[in-house]
Amino acid sequence: AQSVTQLGSHVSVSEGALVLLRCNYSSSVPPYLFWYVQYPNQGLQLLLKYTSAATLVKGINGFEAEFKKSETSFHLTKPSAHMSDAAEYFCALNTGGFKTIFGAGTRLFVKA
Amino acid sequence: ETGVTQTPRHLVMGMTNKKSLKCEQHLGHNAMYWYKQSAKKPLELMFVYSLEERVENNSVPSRFSPECPNSSHLFLHLHTLQPEDSALYLCASSQGFDRGNSPLHFGNGTRLTVT
């Protein structure tokens, strides 16, 4: 069975600091992996996706994620946090079909 | 209008009311979804339609009734809801789903409160 685990339901960083949001997955077949962001009172928006073309994936708003098969991880990073990055972030997995498996989400707080 | 549009944004209804949520996608996608997002719970898939045919009904109570008249429109009809049905209901679309690499495009949701 596939699963997604996001370590840390809340992460707090200072403005300008590195953002690191952790995601580990479990899958018996090669997965497609996604990061979504949800701002208050909005739906989820795609940040980036891994589809096996390259292990380092660049997304919108300066975010990137690296697929590490040996560690079954797909952590999301951004070199310098901005106040506007405060939101909830979801890691998700799909191995084919209509079921996308979502993690529980990590809420990012950015301190001035 | 672009993307996925949901109406209304907010809805308060009594347990005996009947109401409907509407979703429209302007992306030319052929799959549409209803998700339920409750506080402190993972995103819950409710219904999936592909080319207007329902392909998944994820053990959802019958008080929720979906309708997909065409590939651009999706409705969720609600009747005799319970307070625990209060949540954010999200509509999403994708360009197929067979391979699993098509991302979901979400609307901004309808915040439902059942009193």
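Values in this document were obtained by computation on a predicted structure and should not be read as measured data. Sequence lines set the chain letters: A, B, ... in the order given, protein chains first and strands last, and positions in each chain run from 1.
Proximity of A:Arg22 to A:Val11: side-chain heavy atoms (C-beta onward) are nowhere separated by under 4.5 Å. Between A:Phe90 and A:Val4, every side-chain heavy-atom pair lies at or beyond the 4.5 Å cut-off. Considering only heavy atoms from C-beta on, B:Phe106 comes within 4.5 Å of B:Tyr35 through its side chain. B:Cys91 has its side chain within reach of B:Met32: a pair of non-hydrogen atoms, C-beta onward, lies under 4.5 Å apart. Annotation: side chain of B:Pro66 is not in contact with side chain of B:Phe75 (no heavy-atom distance under 4.5 Å).
Of the two parts of B:Asn101, the backbone and the side chain both hold a non-hydrogen atom closer than 4.5 Å to a non-hydrogen atom of chain A. Contacts of B:Gln37 with chain A are made by side-chain atoms alone, with heavy-atom separations under 4.5 Å and no backbone atom involved. The contact between B:Arg9 and chain A is made entirely by side chain atoms (from C-beta outward), counting heavy-atom distances below 4.5 Å. Using a 4.5 Å cut-off between heavy atoms, B:Val4 makes no contact with chain A at all.
More than 12 heavy atoms of other residues, nucleotides or ligands shown are found within 6.0 angstrom of CD on B:Glu84.
In this structure, the side chain of B:His26 does not engage the main chain of B:Gly3 through any donor-acceptor pair within 3.5 Å. When atom types are taken as modelled, the side chain of A:Tyr36 and the backbone of B:Leu104 share a donor-acceptor pair closer than 3.5 angstrom. Of the possible polar contacts, none joining the B:Ser102 side chain to the B:Phe97 backbone as a donor-acceptor pair under 3.5 Å is found. Judged purely by atom type and a 3.5 angstrom limit, B:Glu24 has no side-chain atom pairing as donor or acceptor with the backbone of B:Gln6.
A donor and an acceptor atom, one from each side chain of B:Glu67 and B:His77, are located under 3.5 Å apart.
When the heavy atoms of residues 95-112 of chain A are compared with those of chain B, the residues falling under 4.5 Å are A:Thr95, A:Gly96, A:Gly97, A:Phe98, A:Lys99, A:Thr100, A:Phe102, listed by number. For residues 41-51 of chain A, a heavy-atom distance under 4.5 Å to chain B picks out A:Asn41, A:Gln42, A:Gly43, A:Leu44, A:Leu46, A:Lys49, A:Thr51, given by residue number.
Looking only at heavy-atom pairs under 4.5 Å with chain A, the residue among B:Pro103, B:Gly109, B:Ala31 that has the most is B:Pro103.
In summary, the aromatic rings of A:Tyr89 and A:Phe63 are positioned with their centroids under 6.0 Å apart.
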